[in-house]
Asker: 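Please see the structure below; I have some questions.
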Amino acid sequence: MEYKFREIEKKWQQYWTATGVYKVSNNSNKPKYYVLDMFPYPSGAGLHVGHPLGYIASDIYARFKRLKGFNVLHPMGYDAFGLPAEQYAIDHGIHPAVSTENNIRNFRKQLDNIGFCYDWSREVRTCDPKYYKWTQWIFLQLFNSWYNRKQNRAEKIQNLVTIFENYGCDESIVHRPGNVPPFTATEWKRFSEKQQQDILMEYRLAYCGYGEVNWCEALGTVLANDEVVNGVSERGGFPVVKKKLRQWYLRITEYADRLLEGLEKVEFSDAMKEMQSNWIGKSSGAEIEFRLTPNPSPGGEGSTASQEMTGKFFKTANTRFWQILKQYGRENRKNQTEAENILWGKIRNNQLGIKVRRQHSIGGYIVDFAILEKRIVIEIDGAYHHTEEQKIFDETRTEFLKEFGIEVLRFTNQEVIENTANVVKKIAEVLNSKQTDTSLLREEKRQGDEAKLTVYTTRPDTIFGVDFMVLAPEHELVEEITTGEHWQEVQDYLSYVKSRSERERMAEKKITGVFTGAYAIHPFSGKKIPVWVSEYVLIGYGTGAIMAVPCGDERDHRFAKHFNIPITNIIGSEYNGEEANPTRDAILHNSDFLNGMVMKDAIEVVIGKLEKMGIGKRKVNYKMRDAAFSRQRYWGEPFPIVWKNGIAIPLDEKELPLQLPHVESYKPGREGEGPLANIPEWTERNLETNTMPGYAGSSWYFLRYMDPHNEEEFCNRKASDYWGQVDLYIGGTEHAVGHLLYSRMWTKFLYDMNWIGHDEPYKRLVNQGMIQGSSRFVYRVTGKNKFVSFGLKENYQTTPIRVDVNIVDGVELNIEAFKKWRSGEYANAEFILEDGKYICGLETEKMSKSKFNTVNPDDIVEKYGADTFRMYEMFLGPVELSKPWDTKGIEGVYRFLKKFWRLFAQEQKGLIVTNEPATKDELKTLHKTIKKIEEDTERFSFNTAVSAFMIATNELTDLKCHKRSVLEPLLILLTPYAPHICEELWHQLGHSTTILDEVYPAWNEQYLVESTKNYPVAINGKTRTELTIELDANQEQVEKLVLDNEIVQKWLEGKSPRKIIYVKNKMINVVV
RNA sequence: CCGGAUGUGGUGAAAUUGGUAGACACGUCAGACUUAGGAUCUGAUGCCGCAAGGUGUGGGGGUUCGAGUCCCUCCAUCCGGACCA
C-alpha cells in the first residue's frame, strides 16, 4: 500500500464538499471562534506560492480550534473592485466584470487544490450588487452622521440640525469647524437650504470637498502617486500637474483618538501598533500667532488699496494682489472699467441704503462689489474667452464664497451697460430678501488691523531660538505677504513645486526654498524674523507653517546652513554648530525669561504665557488626514448621491443598490471626472460620477460573512453578537495603515450607531511575511549565442539573463527545457559547463511574472501533493518572516510524509498497525510531541511544529512503533497540517466519520518527567564537558561532583575556583 | 527623507525567560541495497587545524560568572508612505 497522494487528496476533497463538513452554523452550543484571512484581490496572474502562506496558517489554526471544540467560522471571499481590472479593460477591451469573474474562477480552482476548510456558502464579493448595496448603505449612514465631540461618538446628522435650530452654532454645545462662521438659531433658520447644507457638509462623516490629484493632461487621467516619477507620468513621461477635483472624504480624523486608544485592547504586534500610531501621529504642542510687519506696497494701480496687510479672510486689495488676479485671466475681460463704473455710480454712497464696497478682497479673491452685511457679492463678467483656467478660477472662487454663505450675483457687461436700472433693481430685490448679518463685518474688524501668521510647534520652549519662519508653498499667506521685489522669485518657486509630487518632495534631499521679503515679529523679543517658503513644510500638517529653530531641528538646521541664515544657539554647549540637537533636556540659554530652565519644563511656561497674551493655545495635532474616499475611476461602488443645485442629496435606501452601469469606454470625463461622467443616462440624473475606492468594500466584509445572505440588513445584530470580533486575522503588513485603520473606523462608527456590539473588528492580528522569488540567471557570452556556467563566468564577458525558475533544478539548468524556452529562442545555444552541469546564479527579489521567478502552487501540488505543499510552506520559516521560495527543499517534507505513511502501512504488507500496548519510550515521544505541537500551534510557530512531527516520526520509526494507541493521537495532531493524508489513514484504521470531529489529544506530564539531567559544565563561560546529575541535587553536592571531575581539574590547572554557578536544570559554570 | 522589519553554516532555519549556538530539513561527501535510481536506508558535514586546540550568530564598543538574546554605535538588505491592493 503506497502513499498515492493524488488519489487520496482528490477523494477527500470531494468527500468534504459532498458531506458539507465545512458548513458553519450561527447556532451552536460550542464556543465560537472566528478565523479570517485578508481576502484577496483576484488578479489576472493567479496565485503564486507566496499567496497561500497566510491562508495555510489560518487553515491550520481553524482546524486546530475545531478539534479543540470550537464552532469555527472560517470564510473566504474576493476584494473584487480595483484598478488593475480597469487597466486590463483599457488595454484589452475586456469588461472588468468579465475579467474579474474569470479571475475569481481561476483563484477558486487554485485555492481548492490546496484543501482549505473554508465555508464557501458564505463567500462574498465586493463587486456583487447584493454586497455593495450594503457598502452604499453604510456610506449613506456615514453621510447622514456627524461626530459629536462632546459625547465622543457619532450621531445622526438630524441631532445636529436640532441643535442648530435650537441653539445655533453654540460652541458650548457643538464644535465649530474652521470653515463654519458662528451663527444663531435664528440665523440658521434663515439660511438658504444651500447654506445649511454647506454647513452640515462640514460635519458629515462622509463629506465632499475639493482635493488635489495628480492630473496628466496627455493621458487624460488621474494618476496614483507611484505612477508619477520626477513630475512626469511613469507611462509615457508626460507632464503631471496637481489639479483640484471634487472628492469625497471620510472624517476619520474624528476617530483619531479612539483609533489610538483601541490599540491598547487588541493583540497586534508592537511593530503594527507603532506603525498605526505613527500614522495617526498624535502630537501635542501649541499654536502660536506671530504678527507680520507691515508690508508697504509700491502703490499705483488699484490704489483703493489699504497700505496694510490684513487678516485671513478679508482685506482690501493692494497693488500686488491685483497683479495676481490679472494673471488668472482678468486681462481677458473687456470694458471692465466702463461697466463697473456705470454700476458703481448707481450703488455707491449708500444709494441702496447700505454700504457697498468696491474691489474688495475676500479670502484671497478680489470681488467687484461686496455687500458684507448681506453676504452678497456682485460680479460683472466681461466677454472674456471661456478659458479652462478662467473657468476653474471662477468655480473655485464661487465654491469658496459659498462656504461663507455668500451669494454671488453675476451680470454681464452688456447687461450693465444696456440696462443699468434693471441690474440695480435685481440687486435691490436680492438685498431685501436677505437678513442683515454683521458677523462678516465683525470678523473683518477683528482681523482687519494686521495679518498674523499662525504656526504649530511641538516645542514652544524653543521660541527664543526661532531664526526664520517657513510656509508651505500652498499656504494662503504666501502670495499675500510676498513683497514686490521677491514676487517673481516666489512665483517661479511655486510653479516649480507644483510640478512635483508630494512623494518626491519627501523623498529628495535637495534643499529648496525662497525668501518672501516679509518678516514676522517675535512676540517676546520683538525681533524681526524673515519668512520663507519651502516645500519641506507640508500644507496638510499643523497650520502649514512652522517656526524654524535651527539649533534644535535637523531640517531647520540644514535649511539655515544652506541659505546662510544666522543660527541662534539657545542650548549652550549642547549645540556644536555642526548639527542640530533635538534634546528636551538641555538648559535654555539666550531665552530671556526662560534662561536656566530645562527645556521640557519650559514648554508649559511658554504655553501659559502665550495663552495669557491671547496669541497662542495648547493644541493637539494629528498627522493623519481625512481619508480620500473617491476615485475618478469606473470599477468601484457608485455613490448613492444625486447633485441638485450644488447640494448632495442621498438616494433613498429603497433605491439601493445603485448599480454600476455598463460602459464601453473607461476613459475619464472631460474635466478628469470618472468614466461615469461619459454616460448620458448617468449624468442626466445628476448622479455622482466618482466611485468609491478599493477599501470601501473591505472595510466591513468581516461582518457580512456572519450573515452573508441577508437582504434586509448588512448583518443581523444577533449574528454579529454571536460571532463578535474576528479572533484571529491573518494578512500582510502592507495593509498596516490603510485597510486596518479604515475597517477599524467603520467598526467604531457602526458601534456608535448601535448596529453592532463591539468597536474593534480584530482581536488578534498576525502578519505573514512575503515569500520572495528566487531568481535564476544564466550568463550569455557577450555577442554570442553561448552561455557560461556560473563558476566560470569570470573568464568571459557576460550579460546575465533571467531564466524561468521552473526549468532550473536547484541551481542546475535543465538545458533541454532551456532550449525550448521562449519559443526556441535559444534552441541552438552552446553551453560551457562545469562538472558536466550548467549552474545558474541566483538572487532574491520580489516574486513577479516579469522576473520569471514565480512558482504556481498548482504545479507543486501536482508533483508533491497538497499536504506536502502545505507543510513545506510552513516549514520554510516563521510565518511572520519574509523568505525566498526554493522548490528544491520540498523533498524533505515529502520524504517525511512518506515516512509517516510507512508507520501505518507498507507497500507489500498493507496496513501494519497493531493493538499492542505502547512502551514507555513510545509514550514519551507521543506526549512530548502532543505538548510541543499544541504549544507551537498556539503560538504560530508552525515551522518548529513541522520539525517536531519529523522528530516524532524519526523516533517512532527507530522504535519500530506501529501501535494504534500511539499513532491515532498523532494522526489527530497532524490533521490541521496535512488534512488529506490524515483523513485517509483515519478511515484506513476503521473509522467512518471525519477526523475533524475527533477530540484533540491531551498530554500527560507523567510520561515526560526525568530524574537526571545532562549538565553542560563551563570553565569561565566556555563549555568543557558534560555531567549527568540528579535533578534534585543541591549546590554542595554539585560543587563536589564538579570539582571531582577529571576534565574540570585539568582546566583548573591546580587553581581553586572563585565561584561555582549552578543554575538548576540549566548549566554549571566554574569561575576561576 | 520618514516609519517598520530583518541580518546566525553552502541554503531555509532552531535556540519560547540571558544559560550546551546551528535542532529539523535542503545541499554536499562517503557507504549499503538494487538490473537501475531522481526510490529507500546508514554515516559524516560551521570555519581553521593531522591533532591538541582555536575560532564562530553583519562590524565596533559595553553590561554580565555567562550575550545570537540586553544597552550604545555604525553598516547592509527588504517592506510601507495615502489613486497598486
Side-chain angles (χ1 to χ4, degrees), chain A residues 38 40-41 43 79 81-84 87 213-214 221-228 247 269-272 274-275 278-279 281 502-503 505-509 536 540 554-555 623-625 627-628 630-633 636 693-695 698 732-739 741 767 769-770 772 774 809-811 842 844-846 872 875-878 880-886 888-893 895-896 898-899 902 935-936 939 941 943-944 946-951 954 957 1014-1026 1057-1061 1063 1065-1072:
Chain A
M38 287 184 187
Y41 175 80
S43 80
D79 186 14
F81 272 135
L83 197 61
Q87 193 55 46
V213 293
N214 299 310
T221 186
V222 173
L223 298 175
N225 279 342
D226 61 345
E227 292 176 301
V228 183
Q247 299 288 348
S269 69
D270 289 341
M272 181 60 49
E274 204 168 325
M275 273 191 258
N278 284 338
W279 185 258
E502 191 161 329
R503 181 81 162 269
R505 281 170 61 178
M506 289 192 283
E508 267 180 46
K509 288 177 188 169
Y536 85 92
E554 207 188 313
R555 289 162 304 176
K623 213 154 63 186
M624 181 168 70
R625 288 177 257 160
S630 49
R631 302 289 121 104
Q632 286 69 49
R633 305 286 185 184
Y695 65 83
S698 62
T733 38
E734 64 272 23
H735 299 286
V737 289
H739 161 66
L741 274 180
N767 295 110
M770 299 252 285
Q772 288 146 334
S774 183
D809 179 23
V811 287
L842 94 194
T844 300
E845 337 176 75
K846 195 170 187 149
Y872 182 55
F875 187 59
L876 274 177
E880 297 93 333
L881 238 60
S882 293
K883 56 247 156 184
W885 174 267
D886 179 13
K888 194 82 185 172
I890 202 169
E891 296 282 350
V893 174
R895 276 176 209 150
F896 153 73
K898 284 191 288 190
K899 197 166 178 179
R902 285 199 300 272
E935 287 174 354
D936 283 359
R939 71 186 173 99
S941 183
N943 54 330
T944 53
V946 173
S947 135
F949 280 123
M950 290 173 170
I951 292 168
N954 290 345
T957 304
N1014 238 2
Y1015 281 92
V1017 180
I1019 319 286
N1020 282 341
K1022 285 203 186 345
T1023 309
R1024 297 300 179 183
T1025 185
E1026 280 185 1
R1058 200 149 40 107
K1059 203 173 167 192
I1060 294 176
I1061 293 157
V1063 184
N1065 217 358
K1066 293 282 184 195
M1067 44 63 69
I1068 296 159
N1069 190 13
V1070 182
V1071 187
V1072 186

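Quick caveat, the model's predicted, so the values are computed rather than measured. Proteins come first, then strands; the chains are lettered A, B, ... in the order of their sequence lines, and each starts at number 1.
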Asker: Between B:A21, B:A85, B:A23, spot the one nearest the side chain of A:I951, thanks.
Answerer: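 So the side chain of A:I951 is nearest to B:A23.
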
Asker: Tell me which nucleotide, if any, is Watson-Crick or G-U wobble paired with B:C33 when both distances must be under 3.5 Å.
Answerer: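 The answer is none; no pair meets the criterion.
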
Asker: Of all the nucleotides listed (B:G27, B:A82, B:U55), which has the minimum atom distance to the side chain of A:K888?
Answerer: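 The answer is B:G27.
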
Asker: Taking the minimum atom-to-atom distance to the side chain of A:I1061, which one of B:G19, B:U20, B:U6 wins?
Answerer: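 That would be B:G19.
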
Asker: Assign B:G9 to syn or anti; the rule is syn for a glycosidic angle within 90° of 0 and anti otherwise.
Answerer: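 Syn.
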
Asker: If you check the A:M950 side chain, which of B:C24, B:A39, B:A21 turns out closest?
Answerer: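 Among B:C24, B:A39, B:A21, the one nearest the side chain of A:M950 is B:C24.
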
Asker: Set out, in order, the CA-CA distance, both residues' side-chain angles and the distance that settles side chain to side chain donor-acceptor pair (under 3.5 Å) for A:S774 and A:D886, then state yes or no.
Answerer: CA-CA 7 Å; A:S774 183; A:D886 179 13; 6.0 Å; no

Asker: Need to verify one output field. Residue with the more 5' nearest nucleotide on RNA chain B, A:E1026 or A:A627?
Answerer: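 That would be A:E1026.
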
Asker: If pairing requires Watson-Crick or G-U wobble contacts with both distances under 3.5 Å, which nucleotide is the partner of B:A82?
Answerer: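 Base partner found: none.
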
Asker: Side chain of A:E274 only, please: which of B:G19, B:A25, B:G3 is the nearest?
Answerer: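 Selected nucleotide: B:G3.
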
Asker: Which one is paired to B:G18, where only Watson-Crick or G-U wobble pairs with both distances under 3.5 angstrom count?
Answerer: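 The base-pairing partner of B:G18, which may sit in any strand shown, does not exist here.
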
Asker: Considering only B:G12, B:U6, B:G4, which nucleotide approaches the side chain of A:K883 most closely?
Answerer: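 It is B:G12.
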
Asker: If you measure from the C1' atom in B:U16 to the same atom in B:C78, how many Å do you get, rounded?
Answerer: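 After rounding to an integer number of Å, I get 26 Å for this pair.
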
Asker: Could you measure between the two C1' atoms, the one in B:C24 and the one in B:A15, and give it in whole Å?
Answerer: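 Pairwise C1' distance, B:C24 against B:A15, rounds to 12 Å.
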
Asker: Picking from B:U20, B:A85, B:C41, which would you name as closest to the side chain of A:R902?
Answerer: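 So the side chain of A:R902 is nearest to B:C41.
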
Asker: What's A:R555 touching, base or sugar-phosphate or nothing? Going by heavy atoms closer than 4.0 Å.
Answerer: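 No contact.
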
Asker: Could you let me know what B:A25 is paired to, Watson-Crick or G-U wobble, both distances under 3.5 Å, or none if it's on its own?
Answerer: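 Across any shown strand, B:A25 pairs with B:U11.
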
Asker: Say we look at B:G27 and B:U64: how far apart would their P atoms be, to the nearest angstrom?
Answerer: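 Taking atom P in both B:G27 and B:U64, they lie 47 Å apart.
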
Asker: Would you indicate which nucleotide in B:U55, B:C83, B:A15 comes nearest to any side-chain atom of A:R939?
Answerer: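 Taking heavy atoms from C-beta onward, the closest nucleotide is B:A15.
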
Asker: Which nucleotide, in any strand shown, forms a Watson-Crick or G-U wobble pair with B:G38, with both distances under 3.5 Å?
Answerer: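 Answer to the pairing question: none, since B:G38 forms no Watson-Crick or G-U pair.
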
Asker: Of the options B:C83, B:G3, B:A13, whose atoms approach the side-chain atoms of A:M275 most closely?
Answerer: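 For A:M275, the side-chain atoms sit closest to B:G3.
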
Asker: Can you figure out which of B:C83, B:G19, B:C79 approaches the side chain of A:K1066 most closely?
Answerer: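 Given the options B:C83, B:G19, B:C79, the side chain of A:K1066 is closest to B:G19.
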
Asker: Go through A:K623 and A:N278 one step at a time and tell me if the side chain to side chain donor-acceptor pair (under 3.5 Å) criterion holds.
Answerer: CA-CA 8 Å; A:K623 213 154 63 186; A:N278 284 338; 5.7 Å; no

